[in-house]
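Below is one structure, written out as structure tokens; the observations come after it.
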Amino acid sequence: MLFSNFFAPTSKDTPADAKIASHILMLRSGMVSQAASGIYYWLPLATRVLEKISRIIDEEQARINSQKMYFTTIQSADLWIESGRYEAYGKEMLRLKDRKDGDFLYSPTNEEQATDIFRKYVKSYRGLPLCLYQIHWKFRDEIRPRFGVMRGREFLMKDAYSFDINFEGAKASYMKMFQAYIRTFRRMGLTPIPVQADSGAIGGNMSHEFQILAETGESTLYYDKKLPTASDEELMNIFAVTNEKYDPNTSSIPENELMVSKGVEVGHIFYFGTKYSKAMNAFVLDENGNKLYPEMGSYGIGVSRLIAAIIESSHDERGIIWPEAVAPFDVTLLNLHHKNEKCREAAQKIYEAINGHRKCSAPTQKEVLYDDREISIGEKFADADLIGIPWQVIVGEKKIKNNLVELKNRKTGEIIEMSPEEIIERFGKKC
RNA sequence: CGGAGUAUAGCUCAGUCUGGUAGAGCACAGCCUUCGGGAGGCUGAUGUCGGAGGUUCAAAUCCUCUUGCUCCGACCA
């Protein structure tokens with residue numbers, strides 16, 4: 001992608017409304033733009049990150065046989081009346097009327113629809129277990145939206161729904177999803193902290209939140225200090241709670257091994273048994289021909305919030321530092337001297353080698369943002385650091401005389417000099 | 001929902017107290033000079049002063065109503 005063609009309206013000014021790093025940086029880097037309170041446009045840069053995150057989620061869901069589909073954003077109120085939540089959900093739910101004066105709502109969550117699609121088609125215990133998920137927009141009319149996309153009203157959420165034949169099956173599904181979430185967050189360069197949680201409006205009695213440590217987080221976490229170094233399997237059993245549940249008198253962790261930090265909730269999983277299957281008469285026949293109401297769970301990841309959480313946990317005074325797995329581009333190419341023929345040639349050659357072979361679908365292919373704009377050098381460096389692509393290839397006239405360019409690591413600041421050919425070897429498409 | 005603010009150019013804000021020609025910096029467009037960390041100069045374009053009503057010879061400014069947005073609290077992926 002050529003930066004001169006790329007819609008990323010960066011700014012050095014900090015908008016007055018933004019208070020926390022992720023909000024400031026998302027606005028300054030041209031990722032999002034506010035459309036209304038708690039509602040944001042997602043510009044191309046942010047969209048790339050949403051897609052990177054979604055792909056990781058998709059891969060990890062596939063591993064546990066959770067199948068992707070789309071529920072709907074607009075739902076008929078009927079299902080919610082049936083489940084009993086139409087009244088219970090309150091003002092947070094956006095209610096709508098169609099032209100025939102029918103009652104609809106914009107999905108805040110989709111348990112009812114998942115149960116509905118299940119009961120329509122699954123009639124036998126042989127159809128279980130089943131797990132369906134989507135990554136789709138939700139709307140919750142928060143009393144007070146704040147911190148940019150961290151607490152927006154409209155947000156992108158991954159939500160999965162599991163159906164099992166009995167409690168043991170449901171618990172196994174819950175545990176599989178638990179592990180999948182740990183892997184998902186770790187692949188994004190994050191350290192998730194699973195904490196026992198209340199199940200809120202979703203209902204049920206087994207629930208965990210996944211928190212990411214961040215100074216600006218809204219939750220206070222108490223956890224065993226072993227946690228940041230634990231393996232995926234160990235994480236599940238390590239002590240961690242939010243402040244609402246922490247009681248120093250009953251805590252099993254000695255004070256000197258206890259950590260207290262602020263966290264951002266990025267995932268939440270629930271087991272709620274037959275709450276919806278019974279309310280909505282979703283049943284299958286078991287091997288004896290008896291009615292069996294499936295045991296259900298639901299599993300959310302706040303995809304759009306994750307972007308903010310990642311930035312909160314990975315930035316410096318100059319801008320964002322993307323973990324490689326979710327970066328909008330793998331590498332950015334800065335041509336410092338666009339009037340210098342050698343620089344132009346070298347940059348163009350590198351750009352084409354990385355970006356040129358669009359037919360190549362090898363998994364090693366890298367995406368490059370080439371800053372070809374005719375602007376000052378300082379502005380290029382500032383934008384590159386602000387946008388936070390993990391690797392910067394810097395082409396300048398001083399080095400190119402000796403057939404050298406620089407490879408700079410955004411996170412460490414480390415610079416390695418190498419030839420354009422070596423850059424191509426490292427980032428070029430390999431078919 | 002309770003409390004507190006705020007609304008003037010794309011952004012950050014001045015001007016409002018004390019009514020009298022709509023402003024600055026940044027950004028934007030053109031030209032010139034620069035060129036290893038948001039450089040400098042010249043020229044230029046940009047506004048229903050959030051909306052409605054009122055007072056007045058005259059309203060961004062005073063009064064009334066209204067809407068949006070932000071912040072602080074209790075709720076939430």
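Numbers restart at 1 for each chain; the letters A, B, ... are given by sequence-line order, proteins then strands.
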Can you name the side chain to side chain contact (heavy atoms under 4.5 Å, CB included) partners of A/K120, sequence neighbours left out? A/D116
Please identify which of these residues, A/E82, A/R85, A/E112, meets the side-chain hydrogen bond (donor to acceptor under 3.5 Å, both in side chains) condition with A/Y276. A/R85
Base, sugar-phosphate alone, or nothing: which one does A/G300 contact when heavy atoms must sit under 4.0 Å apart? nothing
Between the protein and nucleotides 7-14 of chain B, are there any N/O to N/O pairs under 3.5 Å, and if so, what are the atom names and distances?
{"from": "B/rU12", "atom 1": "OP1", "to": "A/A16", "atom 2": "N", "distance (Å)": "3.2"}

Taking C-beta and beyond as the side chain, do A/L45 and A/F7 meet within less than 4.5 Å on heavy atoms? no
Looking at RNA chain B, which of residues 375-391 of chain A put a heavy atom within less than 4.0 Å of it? A/S376, A/I377, A/G378, A/E379, A/F381, A/A382, A/D383, A/D385, A/L386
Describe the nucleic acid contact of A/V303 in one word from base, sugar-phosphate, nothing, applying a heavy-atom distance below 4.0 Å. nothing
For A/G319, report the nucleic acid contact type (base, sugar-phosphate, nothing); a contact means any heavy atom under 4.0 Å. nothing
Can you pull out every side chain to side chain donor-acceptor pair (under 3.5 Å) where at least one residue sits in residues 320-332 of chain A? Sequence neighbours excluded, please. A/E324-A/W391
Under the 3.5 Å rule, do the base of B/rG36 and the side chain of A/K401 count as making a donor-acceptor pair? no
Should the side chain of A/Q34 and the base of B/rG68 be counted as holding a donor-acceptor pair, with the cut-off at 3.5 Å? no
Decide whether A/Y299 and A/S162 meet the rule of one side-chain donor and one side-chain acceptor closer than 3.5 Å. yes
Looking for any heavy atom pair under 4.0 Å, which part of the strands does A/E154 touch: base, sugar-phosphate only, or nothing? nothing
I need the full list of ring-ring contact (aromatic ring centres under 6.0 Å, His included) pairs touching residues 49-80 of chain A, with sequence neighbours left out, sorted by first then second residue. A/Y70-A/H136, A/F71-A/Y161, A/W80-A/Y89
Using the ring-ring contact (aromatic ring centres under 6.0 Å, His included) criterion, which residues pair with A/Y40? Sequence neighbours excluded. none
